[in-house]
Amino acid sequence: MHLKQNAGSEKINSIPDMLNYFEDNLKAEEEWKIGTEYECIGVYRENAKAVDYSGDRGIETILKKLSLLYNWDPVINSNHVIGLRGPDAGISLEPGGQIELSGKPHRNVHTAQEEYNEFINKLLTSAEGLNISFLGLGMQPVSTLDEIQWVPKERYRIMAPYMEKVGTLGHRMMKQTASVQVNIDYSSETDAMNKFRTAMGLVPLLSAIFANSPISDNKLNGYMTFRGHVWANTDSQRCGLLKFAFNENVRFEDYIRYALNVPMYFISRDERLLDMTGLTFKEFMETGCEGHYATVDDWGLHLSTLFPEVRMKKYIEIRCFDNIPQQLVMAVPAIIKGIFYDNDCLLAARDLVRDMSWEERLDAYHSAHLIALDTKIRGVTFTELAKELMLIAINGLSKQNTLNNQGENETVYMDSLQDMIWSGRCPADFVRESWLDNRTGDLIKFIDSYSYKA
């Protein structure tokens, strides 16, 4: 009797093998969905310090209670609970104990909001009695790196020392940041590359619109999205903007060649991670390493350890958003759905940022981290460009006209953000004001302003 080999364990030898990874996941337009991932920062209410992973008031305690109350299956690593699996979604932990919901793909933002609200309610219920809040901020506001406990997850044992070799702010990224990420489908290579190129071009503008991390280490840090600045200084080989994305004839193969030449983190064998930080994937594929050879699963794992602002996997992941206040968070998937799931809107959004040199894109990217909507490109402020982008997204959502039970379409999630942008402000402006208003030391009032509510 012959046992069927797991497809993921098949050896991978060439670029055509890797192309299959993307081409096998093409979806017809009527099958397109949107997936959202939300990271949130837990703090002790008495001092706004980061919640420890361990202990009676720790993140592991909250995960265990979530598992017991709602029948989520615990994910165990080295005898510790480091995540949960639900029927359609999952909860994982970032290195500093940030809790992340990886939601299931949704046809519309209405059902994504229902899932998000349900998650927040369950999270708050599981933390009852612990005097803990979860914040809609892009950075841990008070705790320094040394004050934040590492989550005992095997992959961080390999990633943490490597980060120190290749960048200046990798540990800040791991321990202090929180973001929202949006995943979108594609129907063909042409469609995928149009979305990839447009998303990469919009990164500076989207970063500015959703900037929300001006506080860290218990002080103003000088940035509107310090999270964005941190990511830009984490690892130049695997993070940031990708220049080749702006080539008019960019193909899947261009992304593959980029990924092949980025150093690996690890491979998984027998439920253990093996350190591969000395090799690029190209080298591993060509020569193997200590009797191990590259497989389809290795390729998928490697792609998940690349962190450009827009990432290609079995879908396109747009990663440039700070975590933002609860009442605004659905604007993130809404603006993306409005732009990227209507072809006219996609083209209009692309035209906003099309005629820029690589140097102008980099300048805008770094400027957006510092001053958000005050960034200028060729004399035009990001506030003006943001207004145009908002109208494009609203037009897209209006044309899609997906209604909730109250007869509202998805533009309802854009209302508060639109008011903010029309006033020339981003979330970070309000964070700065709240922080300065409470500079006498009333951290509890500041925390309450940004705490999730049931």
Side-chain angles (χ1 to χ4, degrees), residues 5-25 35 37 77 83 90 92 94-95 100 102 153-167 170 173-174 181 183 186 189 192-193 196 200 231 234-245 250-319:
Q5 184 181 25
N6 184 322
S9 66
E10 293 176 0
K11 191 174 178 181
I12 195 165
N13 297 296
S14 63
I15 285 178
D17 292 338
M18 296 170 176
L19 281 169
N20 292 336
Y21 187 91
F22 299 116
E23 292 172 346
D24 287 349
N25 290 283
E37 302 170 37
N77 189 273
S92 58
E94 295 300 303
E100 178 179 3
S102 297
K153 199 171 179 178
E154 188 179 6
R155 64 171 52 207
Y156 303 148
R157 172 184 59 81
I158 296 171
M159 292 172 66
Y162 181 77
M163 291 279 186
E164 292 190 301
K165 298 176 183 177
V166 294
M173 179 278 292
M174 296 177 82
Q181 295 136 36
N183 307 319
Y186 47 83
E189 182 175 32
M193 292 298 100
F196 177 65
M200 197 71 76
W231 269 107
T234 289
D235 182 344
S236 61
Q237 294 187 82
R238 66 185 350 109
C239 303
L241 301 180
L242 300 178
K243 187 176 182 179
F244 69 83
V250 64
R251 306 290 299 272
F252 282 146
E253 186 169 333
D254 295 297
Y255 194 90
I256 290 170
R257 292 188 185 282
Y258 151 73
L260 280 171
N261 288 290
V262 176
M264 300 171 67
Y265 281 152
F266 36 64
I267 58 173
S268 178
R269 294 291 187 271
D270 299 323
E271 299 185 354
R272 291 183 61 249
L273 295 180
L274 305 181
D275 190 335
M276 302 288 285
T277 52
L279 290 175
T280 65
F281 200 92
K282 182 175 185 291
E283 291 168 334
F284 179 46
M285 184 177 70
E286 290 176 346
T287 65
C289 180
E290 298 182 0
H292 300 291
Y293 295 92
T295 68
V296 174
D297 282 345
D298 295 333
W299 177 236
L301 180 60
H302 179 59
L303 290 176
S304 75
T305 65
L306 309 180
F307 307 119
E309 296 286 8
V310 182
R311 178 163 71 179
M312 292 294 308
K313 299 202 296 188
K314 295 180 179 181
Y315 41 81
I316 298 171
E317 184 179 77
I318 305 171
R319 306 170 42 80

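None of the values given here were measured: they were computed from a predicted structure.
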Side chain of [X], backbone of [Y]: donor and acceptor closer than 3.5 Å?
X      : Y      : answer
Arg269 : Leu274 : no
Asp254 : Val250 : no
Glu283 : Thr280 : yes
Arg238 : Thr305 : yes
Asn261 : Tyr258 : no

Do the side chains of [Y] and [X] get nearer than 4.5 Å, heavy atoms only?
X      : Y      : value
Asn183 : Ile316 : no
Arg257 : Lys282 : no
Leu279 : Cys289 : yes
Met285 : Asn13  : no
Trp299 : Asn20  : no
Phe266 : Asp275 : no
Met200 : Leu242 : yes

* **Considering all heavy atoms, the nearest Gly288-Tyr293 contact** =>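 Between these two residues, the closest heavy atoms are CA-CD2, 3.9 Å.
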
* What is the minimum heavy-atom distance between Leu301 and Ser304, and which atoms define it? ->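 Shortest heavy-atom separation between Leu301 and Ser304 comes out as O-OG, 2.6 Å.
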
* Asked: In this structure, are over 12 heavy atoms from other groups packed under 6.0 Å from Lys313 atom NZ?
  ->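 Enclosed: over 12 neighbouring heavy atoms sit under 6.0 Å from NZ of Lys313.
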
* Go through the structure and list residues passing side chain to side chain contact (heavy atoms under 4.5 Å, CB included) with Glu100, not counting sequence neighbours. =>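 Partners of Glu100 under the side chain to side chain contact (heavy atoms under 4.5 Å, CB included) test: Glu37, Glu39, Ser92, Glu94, Ser102, Gln181.
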
* **Tyr186 ring center near Tyr315 ring center (under 6.0 Å)** =>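 Not under 6.0 Å, so no.
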
* Given salt bridge (charged side-chain N to carboxylate O under 4.0 Å, His left out), test Glu317 with Arg319 step by step and report yes or no. => CA-CA 6 Å; Glu317 184 179 77; Arg319 306 170 42 80; 2.9 Å; yes

* **Sole residue of Phe284, Phe281, Tyr21, Phe307 in ring-ring contact (aromatic ring centres under 6.0 Å, His included) with His302** =>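 Per the ring-ring contact (aromatic ring centres under 6.0 Å, His included) rule, the option paired with His302 is Phe281, out of Phe284, Phe281, Tyr21, Phe307.
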
What is the distance from atom [atom1] of [X] to atom [atom2] of [Y], rounded to the nearest 0.5 Å?
X      : Y      : atom1 : atom2 : value
Met163 : Ile158 : CE    : CD1   : 12.0 Å
Leu306 : Met312 : CG    : CE    : 12.0 Å
Asp298 : Met276 : CG    : CE    : 7.5 Å
Glu271 : Glu154 : CD    : CD    : 10.5 Å
Ser268 : His292 : OG    : NE2   : 10.5 Å
Ile267 : Leu273 : CD1   : CG    : 9.5 Å

* All ring pair (Phe, Tyr, Trp, His ring centres under 6.0 Å) counterparts of Phe196, not counting sequence neighbours ->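 Scan of Phe196 (ring pair (Phe, Tyr, Trp, His ring centres under 6.0 Å), adjacent residues dropped) gives Tyr255.
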
* Could you tell me which residues satisfy ring pair (Phe, Tyr, Trp, His ring centres under 6.0 Å) with Tyr162, sequence neighbours excluded, listed by chain and number? => Tyr265

* Dump the intermediate steps for salt bridge (charged side-chain N to carboxylate O under 4.0 Å, His left out) on Asp235 and Lys165, then the final yes or no. => CA-CA 9 Å; Asp235 182 344; Lys165 298 176 183 177; over 6 Å; no

* Side chains of Thr295 and Asp297: is there a donor and an acceptor less than 3.5 Å apart? -> no

